[in-house]
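Everything on this sheet refers to the single structure shown next.
Predicted model, so just to flag it, every value in this text is computed and none were measured. Proteins get letters first, then strands, A, B, ... in listed order; numbering begins at 1 in each.
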Protein chains: 2
Amino acid sequence: MTDPMSDRPAYNQVAEQLRQRIYSGELPPGSKLPSEAGLIKQYNVSRVTARGAIKELQTEGLIVTRQGKGSFVRDREPTRRLHAERYQSDAAYAAKRIAEPATSYGFDYLADRERYRVDTSFRETRASPRVAELFGIPAREAVLERRLIFYIDDRPEQIITSYLLHAVVRGTPVADPDNEPWPGGAIGALASLGIMAVAVEESVRSRMPTPEEADTLRLATGVPVLVITRRTLAEDNRAVEVAADIVLPADRVTIDYRMDLSE
Amino acid sequence: MTDPMSDRPAYNQVAEQLRQRIYSGELPPGSKLPSEAGLIKQYNVSRVTARGAIKELQTEGLIVTRQGKGSFVRDREPTRRLHAERYQSDAAYAAKRIAEPATSYGFDYLADRERYRVDTSFRETRASPRVAELFGIPAREAVLERRLIFYIDDRPEQIITSYLLHAVVRGTPVADPDNEPWPGGAIGALASLGIMAVAVEESVRSRMPTPEEADTLRLATGVPVLVITRRTLAEDNRAVEVAADIVLPADRVTIDYRMDLSE
DNA sequence: CAGTGGTCTAGACCACGCT
DNA sequence: GCGTGGTCTAGACCACTGT
């Protein structure tokens with residue numbers, strides 16, 4: 001059943017045939033793949049070879065495998081949309097132009113308020129070279145590091161590591177972890193101190209998660225993370241908050257932006 | 001050297017120790033990991049177990065392995081920044097407010113013009129349900145599918161699948177693949193037909209590449225792709241171009257956005 | 001209990017990179 | 001030629017899932 005004349009290894013040929021059956025829809029999301037024993041018989045290969053094919057599809061994020069049950073075509077998770085317009089909404093709330101923030105950490109604030117939870121861990125530290133560069137300040141300046149893990153329906157949805165200048169927030173309610181989640185997010189928190197954000201810059205990249213990230217975000221193998229680095233700017237484009245890493249599960253999140261071209 | 005009392009498998013323990021040596025900087029980018037034979041001796045494990053540890057680090061994107069040479073800590077590629085402001089620049093060029101487009105497909109147009117190349121393949125087809133939804137038109141309407149592979153220094157940097165309404169571009173220079181890359185991108189091409197874009201929407205997500213994508217983008221294992229879906233909007237927020245998948249190598253690209261909060 | 005995947009072993013042969 | 005990784009085999013024992 002595998003072609004020994006092919007220049008491609010047997011495990012790759014098996015994987016390719018399964019992949020085609022998945023892409024074609026013959027094996028829809030949730031459906032069960034042949035068992036290892038089945039593949040061994042069907043393709044007349046050893047167990048290691050059959051497992052190699054399975055492994056290949058796992059690392060591509062096509063299937064998930066459960067011990068004692070089998071391998072299954074991965075279900076497509078409903079993706080939550082993270083709208084960049086939430087920042088405009090946060091700013092409008094901070095400026096008291098609207099009564100309630102529309103979102104919190106990108107979630108629908110009014111509809112989902114009861115469903116979410118945030119774990120906070122604050123500490124005073126000194127700016128790393130990277131954080132200092134993002135702020136535009138000398139390294140080792142005192143900063144407040146806020147580590148937030150955001151859950152919805154008890155499922156972790158984002159890991160935020162955010163920094164505020166210690167000189168600005170020391171002794172204020174903003175430095176108190178019990179006040180998280182702050183209505184209007186970082187923009188709302190800064191506004192409570194009289195600091196009005198005028199712009200937000202985001203840089204988006206992606207990579208495979210560290211084992212710790214895969215664990216806390218409960219990621220299947222073959223699922224990358226989206227990583228946003230955010231700078232919240234006040235007048236003169238001076239950075240007043242820096243989120244050096246917002247880590248999101250890539251199988252559950254889409255990030256939306258809109259750029260107006262009118263001058 | 002591995003702890004048989006641990007509940008974690010041997011290959012995982014070996015991987016964890018190597019991972020720590022990489023994260024700690026003891027094994028910096030580019031440096032060589034112990035050979036399989038070395039791991040077998042050092043940890044007193046079988047070859048399969050040693051290879052399992054290597055495989056784990058590969059799928060995390062931490063190392064690359066070359067036959068006959070060994071495994072090496074992955075070099076961090078210099079990431080190219082894809083600025084969303086390029087759309088404003090394209091629009092300014094299209095409106096003849098500036099003499100030259102600043103970028104082309106996100107690359108610096110003036111500095112890099114000689115270094116890039118684009119492979120094009122156009123075809124007339126009917127809108128898939130997804131493309132139709134992005135356009136806001138009935139499915140099966142005639143569209144021009146433009147498939148562009150963009151290279152810089154002969155290295156593929158993005159795969160674009162973009163759609164234009166056939167009714168709009170039929171018989172025009174825009175429908176001629178030889179005119180790619182169009183100065184000012186899709187916005188410039190539309191402007192030549194008198195259609196002025198007023199906004200661009202982008203949705204960003206991430207996943208592992210298909211084998212074909214990994215091949216054309218020359219991606220190492222453990223490197224995801226960033227996928228952008230773009231809608232170019234004219235007045236009344238009517239979509240005039242749809243890029244249903246801009247696929248970018250996540251180890252070489254960062255996407256930058258800026259949101260102004262002033263009302 | 002049977003069926004499933006998870007881990008591990010010892011051993012073989014092949015292909016690539018370099019000296 | 002030697003050291004490196006790539007593929008493959010046969011076989012063993014363990015752990016989880018469900019009847």
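- Of all heavy-atom pairs spanning B/Ile54 and B/Thr65, the tightest one is CG2-OG1, 3.9 Å.
- For A/Phe72 and C/dG5, the CZ to C1' distance is 11 Å, given to the nearest whole Å.
- Put simply, the side chain of B/Met208 reaches to within 4.5 Å of the side chain of A/Met208, judged on heavy atoms.
- Contact check for B/Arg230 versus B/Glu241: side-chain heavy atoms found under the 4.5 Å cut-off.
- B/Arg74 is not listed as a side-chain neighbour of B/Glu60, based on a closest heavy-atom distance of 4.5 Å or more.
- Atom pair B/Leu39:CG and D/dG6:P shows a separation of 13 Å (rounding to whole Å applied).
- At a non-hydrogen distance threshold of 4.0 Å, B/Arg47, B/Arg51 from residues 41-62 of chain B come into contact with DNA chain D.
- Near-neighbour residues of DNA chain D inside residues 215-224 of chain B, defined by a heavy atom below 4.0 Å, are absent.
- Heavy atoms only, all atoms of each residue included: A/Arg147 and A/Thr161 are closest at NH1-OG1, 3.2 Å.
- Comment: B/Glu202 engages B/Arg86 in a salt bridge, judged by a side-chain N to carboxylate O separation of less than 4.0 angstrom.
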Anything under 3.5 Å between a protein N or O and an N or O of nucleotides 16-19 of chain D, put it in a table, one pair a line.
{"residue": "D/dG18", "atom": "OP1", "partner": "A/Lys69", "partner atom": "NZ", "Å": "3.4"}

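- One can place CD1 of B/Ile40 at 13 Å from C1' of D/dG3, the figure rounded to the nearest angstrom.
- The environment of NZ in A/Lys32 is crowded: more than 12 heavy-atom neighbours from other residues, nucleotides or ligands sit within 6.0 Å.
- Under the rule for a ring pair (Phe, Tyr, Trp, His ring centres under 6.0 Å), the partners of A/Tyr257 that lie at least two apart in sequence or sit in another chain are B/Tyr257.
- The nearest pair of heavy atoms linking B/Thr49 to B/Tyr11 is O-CB, 3.4 Å.
- Counting heavy atoms from C-beta on, the side chains of A/Thr221 and A/Thr59 never come closer than 4.5 Å.
- Remark: B/Glu157 does not engage B/Arg115 in a salt bridge, criterion side-chain N to carboxylate O under 4.0 Å.
- A heavy atom closer than 4.0 Å to some atom of DNA chain D occurs in no member of residues 7-18 of chain B.
- Summarising the geometry, the separation between CD on A/Glu36 and P on D/dG11 is reported as 17 Å, rounded to the nearest angstrom.
- Between A/Thr210 and B/Arg19, the side chains place no donor N or O within less than 3.5 Å of an acceptor N or O (distance only, hydrogens not considered).
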Which pairs would a plain distance check flag for residues 244-253 of chain A, meaning a side-chain donor or acceptor within less than 3.5 Å of a matching protein atom at least two apart in sequence or in another chain?
{"residue": "A/Asp245", "atom": "OD1", "partner": "A/Arg130", "partner atom": "NH2", "Å": "3.4"}
{"residue": "A/Asp245", "atom": "OD1", "partner": "A/Arg205", "partner atom": "NH2", "Å": "3.3"}
{"residue": "A/Arg252", "atom": "NH2", "partner": "A/Pro156", "partner atom": "O", "Å": "2.9"}
{"residue": "A/Arg252", "atom": "NH2", "partner": "A/Leu217", "partner atom": "O", "Å": "3.1"}

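- Here the P atom of nucleotide D/dG3 and the NZ atom of B/Lys32 are 12 Å apart, to the nearest Å.
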